[in-house]
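These notes concern the structure reproduced below.
Just follow the structure's listing: the first ligand is 1, and inside any ligand the first atom is 1.
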Amino acid sequence: MSSNKEFDAIIVGGGHNGLAAAAYLAKAGREVLVLEKLEHPGGAAVSAHAFDGVDARLSRYSYLVSLLPQQIIDDLGLRVTLARRRYSSYTPDPADGSRALLVDNGDEAATAASFAAVGAPDGEFRAFTAFYAACRQLTEALWPTMTSPLLPRSVARSLAARAGVAEAWEAMIEHPIGHAISKNLGSDLVRGVVLTDALIGTFAQADDEDLQQNICFLYHLIGGGTGDWDVPVGGMGAVSGELERAARDAGATILTSADVTAVRPGGVVDYRHGGQDHTVTAAWVLSNVAPAVLNRLRSRPAEGAAAGAAAAGISAGAAAAAGNPNHRREGAQVKVNLLLKRLPELLDGSVSPEAAFGGTFHINETWSQLDAAYRTAAAGSVPSPLPCEIYCHSLTDPSILSPELQAAGAQTLTVFGLHVPHRLVTAENNEDRRAELQAAVLASLNSVLAEPIEDLLLTDPDGRPCIETKTTLDIERAVGMPQGNIFHGGLDWPFVEDGEPLDTPARRWGVATDDPQILLCGSGARRGGAVSAIGGHNAAMAVLESEPPLRNG
Ligand SMILES: Cc1cc2nc3c(=O)[nH]c(=O)nc-3n(C[C@H](O)[C@H](O)[C@H](O)COP(=O)(O)OP(=O)(O)OC[C@H]3O[C@@H](n4cnc5c(N)ncnc54)[C@H](O)[C@@H]3O)c2cc1C
């Protein structure tokens, strides 16, 4: 044991959710120890100097914030600035790159004209606006429930009915979202733009009956009730940095380079730090690592754990940590970060690069392209063209670049390539696959540019181009997300099925496992996915509600 201090809670993993849980518990007077394997906390919510000798701090993995509730910002006194973007999205027409759909929140008339320019049917802009308005009424009703004890499905449904959005509930929650998209919208391109929200990090099709794409869609629209995705000023590291500060200020101990090697019954945690093995015990163990990683640390093969969960008469949230197949879903993306001399010129001369890259830039993401890409990937190959979406952080927030880079006009791009399921990547082919995927991303990008993106890459002091590509395996190795799944596994509905037990605080908050002393506090908790701190908040609430008295109080 590294210190004689006694702890009320040990948090396994110092991702942003673990830090949030630590901050809440420490503020409530609990003694908290966070054990983080890496040299720094933050998990996948970090900024990094991705290119040696180049002073650009990129949001290396996650980059936009939507689901971090204002309540958590206020509770923890987080000094974070989230910048709203004027442009929603820009999508070139793959059939004719000289025309594109620009959804400009600041100019309704121009947006309507843009729908016409890409050949969308009459009334498509109105239908698009009405579709999102209906979704928004539902998300506004459901958003406050994300940081409250869980509702059963029927209660959540009544809430929607009382809010007058029963129809949106049916479309978003009960039936494959592809049905509503294709019923309401006629253009292949517009349908694709909408569908992407259902596919980020999720290998699914529009009409899949298991509705995993609907859950993904809901999470992409529910943040703040509005679904706005904002740029964290200073990069994603600024968000986790503030959570770390709040946790430390409240008295939490955060130990980095502390690799947890086992989680045992009785609140016992073994870890390796400073070349030595340590054991520490607490009333509570909060798991910020993915459910599959927790199973491994508990020496529980997934199938056995599932049986144990069934025998214990628990399901859903509890089973999450004990072998729920949904939590073994693979990741399905490739992430590419680039640093450019300047923004590239577009094939479409009617829109400035600043407007096109000012929101989400969709490439080769029409409905039919997404469908074809899924089929290609399911058959074992990298899709061509690869559906991609691109964000430019530095246009909204140049502070992540040194003054010199800013003055020189440099810009960052981050690309999220869809439909690259982890099954395409193995330890043996990872290097080659990474090169293939990088080439596929660049080819996809170049298909809409008037000049090759390669010519615009800045180089580091050794002459290497400033581009880095992360496969799902790279992400698993770097931050421990199983199979590179950006949500630690498949997402769950933000409510439970009727009849599921809600008889303990841990179950009510969606953070239970089959060991009453071990709670989920990360992305794998029900409602924990994405950069939201909700998993950490909800686990802390479960501890504080069930709490025995303070150890020394
Ligand atoms: C490429 C990519 C892009 C994304 N983009 C976005 C986005 O734009 N917006 C958004 O909201 N979300 C995004 N996400 C998802 C989001 O980043 C995650 O859902 C979120 O960061 C999860 O946070 P967490 O704290 O629950 O877990 P993590 O960030 O995964 O942190 C878990 C921590 O546990 C540590 N750990 C693992 N094993 C051990 C061990 N044995 N002992 C000790 N510590 C251990 C890890 O090192 C890590 O620090 C993205 C994710 C990825 C990978």
- prompt: Are Asp277 and Arg272 ion-paired here, with the side-chain N under 4.0 Å from a carboxylate O?
  reply: yes

task: Say whether Ala530 and ligand 1 are in contact under the criterion: heavy-atom distance to a ligand atom below 4.0 Å.
output: yes

message: Please report whether ligand 1 has a polar contact with Val531, defined as an N or O pair separated by less than 3.5 Å (distance criterion only).
response: yes

- prompt: Do side-chain atoms of Lys335 reach the backbone of Arg60 as a donor and acceptor pair under 3.5 angstrom?
  reply: yes

query: Please state which protein non-hydrogen atom is closest to atom 46 (C) of ligand 1 and give its distance, to 0.1 Å?
result: Val479 O, 3.4 Å

Heavy atom of Tyr391, distance to ligand 1 below 4.0 Å: no

- request: List the closest protein heavy-atom neighbour of atom 39 (C) of ligand 1: residue, atom name, distance to the nearest 0.1 Å.
  value: Val289 CG1, 3.7 Å

field: Protein heavy-atom partner closest to atom 49 (O) of ligand 1 - residue, atom, separation in Å
entry: Glu36 OE1, 2.6 Å

statement: Nearest non-hydrogen protein atom to atom 9 (N) of ligand 1, with distance, is Leu64 O, 2.7 Å

Under 4.0 Å to a heavy atom of Leu35 - the qualifying atoms of ligand 1, by number: 43 (C), 44 (N)

query: When the ring centroid of Tyr90 is compared with that of His362, is the distance short of 6.0 Å?
result: no

Ligand 1-proximal atoms of Lys335, by part, heavy-atom distance under 4.0 Å: side chain

task: Determine the minimum heavy-atom distance between Phe217 and Cys135, stating which atoms define it.
output: CE2-SG, 4.2 Å

task: Please confirm whether His419 and Phe203 have ring centers closer than 6.0 angstrom.
output: yes

- prompt: Do Tyr391 and Phe361 have their ring centres less than 6.0 Å from each other?
  reply: no

- prompt: Once the angle between the rings of Phe495 and Trp493 is folded into 0 to 90°, is it parallel (under 30°), tilted (30 to 60°) or perpendicular (over 60°)?
  reply: parallel

- request: Answer with side chain, backbone, both or neither: which part of Leu19 has a heavy atom less than 4.0 angstrom from an atom of ligand 1?
  value: neither

query: Any sub-3.5 Å donor-acceptor pair from Gln213's side-chain atoms to Ala206's backbone N or O?
result: yes

task: Look at atom 51 (C) of ligand 1 and say which protein heavy atom is nearest, naming residue and atom and giving the distance to 0.1 Å.
output: Ile486 CB, 3.4 Å

Ligand 1 versus Lys470: contacting region, heavy-atom distance under 4.0 Å: neither

field: Those residues that, when tested against Arg79, pass salt bridge (charged side-chain N to carboxylate O under 4.0 Å, His left out) (two or more places apart)
entry: none

- request: Give every residue pair that meets the ring pair (Phe, Tyr, Trp, His ring centres under 6.0 Å) criterion with at least one member in residues 229-254, sequence neighbours excluded.
  value: His220-Trp229

- request: Report the part of Ala258 in contact with ligand 1, treating N, CA, C, O as backbone and CB onward as side chain, heavy atoms under 4.0 Å; options are side chain, backbone, both, neither.
  value: backbone

message: For the 3.5 Å polar cut-off, considering only N or O atoms, please tell me whether Asn288 and ligand 1 meet it.
response: yes

- line: ligand 1 to Gly13, heavy atom cutoff 4.0 Å, flagged ligand atoms 34 (O), 35 (C), 44 (N)

- request: Report the distance from atom CG of Asp197 to atom CG of Asn214, rounding to the nearest 0.5 Å.
  value: 12.0 Å

- prompt: What protein heavy atom is closest to atom 29 (O) of ligand 1, reported as residue, atom name and distance in Å?
  reply: Ala44 N, 2.9 Å

- prompt: Which residue and non-hydrogen atom of the protein lie closest to atom 14 (N) of ligand 1, and at what distance in Å?
  reply: Ser62 CB, 3.6 Å

field: Within reach of ligand 1, part of Met481 (heavy-atom separation under 4.0 Å)
entry: side chain

task: If you have a sec, work out which protein heavy atom is nearest atom 3 (C) of ligand 1 and how many Å separate them, to one decimal?
output: Tyr61 O, 3.1 Å

